[in-house]
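A short worksheet on the structure shown next.
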Amino acid sequence: QVQLVESGGGLVQPGGSLRLSCAASGFTRDYDDIGWFRQAPGKESEGVACISLRDDFAYYADSVKGRFTISRDNAKTTVYLQMNSLKPEDTAVYYCATDRRPHRVRGRCRGARALDLSVWGQGTLVTVSS
């Protein structure tokens, strides 16, 4: 079973930047995609960005396109989320997640909340406020 650990959250002013990291350990070769998700107080979880560990697939929610960039390291054990031009509405707990079932992460990233994912990190809080 793979384990995921997020880091990099914090307090930032509007317009600022943060980089989140998601470190994966365990049997990562059994997992194809990793996604970043967020949940704001009183709101449902939403997909932010997802990336493949095997090919060039990447997906971004409309709300973050042009501001956030998802990437992975060469060893494919860490996935990053570079967040620029942050807005107060980006305030949320950010989680990375994965699942060994094919296409499940991609579907959940695109908004299919009924698709449960088997592995989640503990989350990291991002607060955008002046």
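Every heavy atom of this structure was used, including side-chain atoms; hydrogens, water molecules and symmetry mates were not.
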*So, does Arg67 use its side chain to make a donor-acceptor pair with the main chain of Met83 at under 3.5 Å?*
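It does not hold such a pair.
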_Check: Arg113 side chain, Ser45 main-chain N or O, donor-acceptor pair, under 3.5 Å_ =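 Checked: pair present.
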*Would you give the length of the straight line joining atom OG1 of Thr124 to atom CG of Leu18, rounded to the nearest 0.5 angstrom?*
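If I round to the nearest 0.5 Å, the distance is 8.5 Å.
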_Nearest 0.5 angstrom please: Leu4 CG to Thr77 OG1, how far?_
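Result: 11.0 Å between the selected atoms.
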Taking [Y] as the starting point, is it possible to reach [X] by hopping between hydrophobic residues whose side chains are less than 4.5 Å apart?
X: Leu53; Y: Ile70; result: yes
X: Val119; Y: Val93; result: no
X: Leu125; Y: Val12; result: no

Can you list everything that forms a side chain to side chain donor-acceptor pair (under 3.5 Å) with [X]? Sequence neighbours excluded, please.
X: Arg110; result: none
X: Tyr31; result: Gln1, Arg100
X: Asp30; result: none
X: Asp33; result: Arg106

*Pairs in or reaching into residues 27-100: which pass disulfide (SG to SG under 2.5 Å), with residues at least two apart or in two chains?*
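Listed once each, the pairs are Cys22-Cys96, Cys50-Cys109.
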*Could you tell me which residues satisfy side-chain contact (heavy atoms from CB on, under 4.5 Å) with Ser130, sequence neighbours excluded, listed by chain and number?*
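In terms of side-chain contact (heavy atoms from CB on, under 4.5 Å), with neighbours along the sequence ignored, Ser130 is linked to Pro14.
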*All pairs passing salt bridge (charged side-chain N to carboxylate O under 4.0 Å, His left out) where residues 118-130 contributes a residue, at least two apart*: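 For residues 118-130: none.
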_Inter- and intrachain pairs under salt bridge (charged side-chain N to carboxylate O under 4.0 Å, His left out), touching residues 5-18, at least two apart_ =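 Residue pairs with at least one partner in residues 5-18: there are none.
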*Under 4.5 Å between side-chain heavy atoms, chaining through other members, with only Ile, Leu, Val, Met, Phe, Trp and Tyr counted: pull out the rest of the cluster around Leu11, sorted by chain and number.*
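ILVMFWY cluster around Leu11 holds nothing else.
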*Residues Lys65 and Asp62 bridged, charged N to O under 4.0 Å*: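 Asp62 and Lys65: salt-bridged.
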*Got a salt bridge between Arg104 and Asp116, using NZ or NE/NH1/NH2 to carboxylate O under 4.0 Å?*
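Salt bridge between Arg104 and Asp116, a charged N being under 4.0 Å from a carboxylate O: yes.
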Please find the pair of heavy atoms, one from [X] and one from [Y], that lie closest to each other, and give the distance.
X: Val2; Y: Ala24; value: CG2-CB, 4.1 Å
X: Val105; Y: Ile34; value: CG1-C, 4.0 Å
X: Ala97; Y: Leu117; value: CB-CD1, 3.8 Å
X: Val5; Y: Gln122; value: CA-OE1, 3.7 Å
X: Thr91; Y: Val128; value: OG1-N, 2.9 Å
X: Ser63; Y: Arg38; value: OG-NH2, 3.5 Å

*Restricting to pairs with a member in residues 38-80, which pass ring-ring contact (aromatic ring centres under 6.0 Å, His included), not counting sequence neighbours?*
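For residues 38-80: none.
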*How would you list, by chain and number, every residue that makes a ring-ring contact (aromatic ring centres under 6.0 Å, His included) with Phe37, sequence neighbours excluded?*
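Result, ring-ring contact (aromatic ring centres under 6.0 Å, His included) vs Phe37: Trp120.
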*Which residue pairs satisfy the side chain to side chain donor-acceptor pair (under 3.5 Å) criterion with at least one member in residues 8-21, sequence neighbours excluded?*
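Passing the test, one end in residues 8-21: Ser17-Asn84.
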